[in-house]
Amino acid sequence: MHHQIDVTVPAAATDEVLGELEDHDGVLALTLQRGGSLKPAGDVLSLHVLNRSIDSVLSTVDRAREHGPVTVATVRTESVVATGAQEAIEDDADESPWEEFERTLRHHGRMSVNYLVLMALGGAIAVAGLLSPPVPQALALAASAIIAPAFEPVAKLGLALIRTDLYRIRRALVSVLVGYAILAAAGGVAFLVLRALGLAKPGVLASSEGVHMVMDPTAADWLVGAGGALAGLVIITSFREAVLAGALIALALVPAAGLVGVGLAAGDLEVALGGLKRAAADIGLVVVLGGAVVLVKDRLQHHGRRPLA
């Protein structure tokens, strides 16, 4: 996985930018169209870049903003063939630039109808699973963790805190609070429906292994959750979103929030508080441990470069 970067720069900055990029070992190909952009007005550069060089290339582009507006679009490319550079391509890094993993978290963790619907469905499925026998319970809990976008807004909050960006912190908090409220409410409604159908019989919560796992976690459960929190940010920042499901399942974010709704619907404050405590603890794991992953990568991989936006 490598990158194509399309850049529009003010004409006054073009020669300076070209001078740096033409000699850059990480730039495999460079195309220039003078006057090619109408909005914003300027020249268009198209580059094929090694992942390990993205930060330095974007730093060069960033300096062009002193001359006027700049636009940057990054595209992941599955393969690149460049004569004389195949060894560098084979040994390229697998790190995602700030701009891309931030956008991934913003997209999946932003307030929208789809986000709220998926949170509600995840909460309902989790509660149905908690009230089921062990095998369907495990399947339902895994499905709910994948369906509900409960991880992304929390990770987005951790990232916003690292950047100390009040605007992004506020948006992330709203997504977390509203999304988890919807998740809990859907869990409560699902419990009431199942109870009305005679499927949530008295004592079923007390006998559920899933409920005990959420409310009374062992040291092993905490280790699994911590591993999921760490893995989630490693996955998102390294082009491995296809395996993110494992990290989501390792955390108890969705069933814990669902239990808050169940406890309130059933009038059982012990269950509601137990779910709230576990949800808060797992949120803390994602914010702290996930944030630590980003901080380490910021120092070792991105060398402190701030994202363009």
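Results of the side chain to side chain donor-acceptor pair (under 3.5 Å) test with R76 over Q4, H3, H2, E100 single out E100 as the only residue that passes.
V254 and L183 make their closest contact through O-CD2, 3.5 Å (heavy atoms, listed as atom of the first residue, atom of the second, distance). Closest approach of G109 to S175, counting heavy atoms only: O-OG, 2.9 Å. In terms of heavy atoms, G187 sits closest to V262 at O-CG2, 3.8 Å. Considering every non-hydrogen atom in both V294 and W98, the closest pair reads CG1-CH2, 3.9 Å. Shown here for A120 and I182, the closest heavy-atom pair between the two residues is CB-CG2, 3.8 Å. Closest approach of W222 to D282, counting heavy atoms only: CZ3-OD1, 3.7 Å.
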Inset, instruction - For the pair D62 and S59, evaluate side-chain hydrogen bond (donor to acceptor under 3.5 Å, both in side chains) and give the outcome as yes or no after the intermediate values. - result: CA-CA 5 Å; D62 190 29; S59 293; over 6 Å; no
Legend entry - Trace of the salt bridge (Lys or Arg N to Asp or Glu O under 4.0 Å) decision for D91 with R52: CA-CA 10 Å; D91 295 333; R52 68 164 64 96; 5.7 Å; no
Inset, instruction - Evaluate the salt bridge (Lys or Arg N to Asp or Glu O under 4.0 Å) criterion for residues E20 and R63: first the C-alpha distance (whole Å), next the side-chain angles of each, then the deciding distance (0.1 Å), finally the verdict. - result: CA-CA 11 Å; E20 294 190 39; R63 290 192 287 275; 2.6 Å; yes
Inset, instruction - Evaluate the side chain to side chain contact (heavy atoms under 4.5 Å, CB included) criterion for residues L131 and L199: first the C-alpha distance (whole Å), next the side-chain angles of each, then the deciding distance (0.1 Å), finally the verdict. - result: CA-CA 8 Å; L131 300 175; L199 299 176; over 6 Å; no
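Summarising the local packing, NE2 of H107 is surrounded by 12 or fewer heavy atoms from other residues, nucleotides or ligands at distances under 6.0 Å. Within 6.0 Å of the NZ atom in K277, the count of heavy atoms belonging to other residues, nucleotides or ligands does not exceed 12.
Between the side chain of N51 and the backbone N or O of D94, no donor-acceptor pair lies under 3.5 Å. Here the side chain of T237 pairs a donor or acceptor atom with the backbone of V234 at under 3.5 angstrom. Although no hydrogens or angles enter the test, the distance criterion places a donor-acceptor pair under 3.5 Å between the side chain of Q137 and the main chain of G210. When atom types are taken as modelled, the side chain of D298 and the backbone of L295 share no donor-acceptor pair closer than 3.5 angstrom. At least one donor-acceptor pair under 3.5 Å links the side chain of Y180 to the backbone N or O of A150.
Hydrophobic cluster membership differs between L116 and I147, with clusters built from Ile, Leu, Val, Met, Phe, Trp and Tyr side chains linked at under 4.5 angstrom. When hydrophobic clusters are built by joining Ile, Leu, Val, Met, Phe, Trp and Tyr residues whose side-chain heavy atoms come closer than 4.5 Å, directly or via intermediates, L223 is not grouped with L251. Following chains of ILVMFWY side-chain contacts shorter than 4.5 Å, one cannot reach V174 starting from L177, and the two form parts of different hydrophobic clusters. Both V17 and V49 are assigned to one and the same hydrophobic cluster, defined by single-linkage of ILVMFWY side chains at heavy-atom distances under 4.5 Å. V224 and F151 fall into different hydrophobic clusters, where Ile, Leu, Val, Met, Phe, Trp and Tyr side chains are chained together by heavy-atom contacts under 4.5 Å.
In this structure, CG on L248 lies 6.0 Å from CD on E152, to the nearest 0.5 angstrom. Atom-to-atom distance recorded for M213:CE and L141:CG is 6.0 Å, nearest 0.5 angstrom. One finds the CG atom of L259 at 11.5 Å from the CG atom of L273 (value rounded to the nearest 0.5 Å). Between L130 atom CG and H212 atom NE2 the span is 11.5 Å, to the nearest 0.5 Å. Taking CG of L50 as the start and CG of D92 as the end, the distance is 4.5 Å to the nearest 0.5 Å. Residue D6 holds its CG atom at 9.5 Å from CG of L45, rounded to the nearest 0.5 Å.
Listed by chain and number, the residues in a salt bridge (Lys or Arg N to Asp or Glu O under 4.0 Å) with E102 are R106, R163 (sequence neighbours excluded). D165 pairs by the salt bridge (Lys or Arg N to Asp or Glu O under 4.0 Å) definition with R168, not counting sequence neighbours. For the side chain to side chain contact (heavy atoms under 4.5 Å, CB included) test, residues two or more places apart in sequence or in another chain that qualify with A128 are L194. Every residue two or more places apart in sequence or in another chain was checked for a salt bridge (Lys or Arg N to Asp or Glu O under 4.0 Å) with E209, and none qualifies. A search for salt bridge (Lys or Arg N to Asp or Glu O under 4.0 Å) contacts involving R195 returns nothing, not counting sequence neighbours.
Between F191 and V271 there is no side-chain heavy-atom pair separated by less than 4.5 Å.
A donor-acceptor pair shorter than 3.5 Å cannot be found between the side chains of T74 and E99.
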Got a list of side-chain donor-acceptor pairs under 3.5 Å for residues 23-38, not counting sequence neighbours?
{"unit_1": "H24", "atom_1": "ND1", "unit_2": "G26", "atom_2": "N", "d": "2.9"}
{"unit_1": "H24", "atom_1": "NE2", "unit_2": "S56", "atom_2": "OG", "d": "2.7"}
{"unit_1": "R34", "atom_1": "NH2", "unit_2": "D15", "atom_2": "OD1", "d": "2.9"}
{"unit_1": "S37", "atom_1": "OG", "unit_2": "P40", "atom_2": "O", "d": "2.5"}

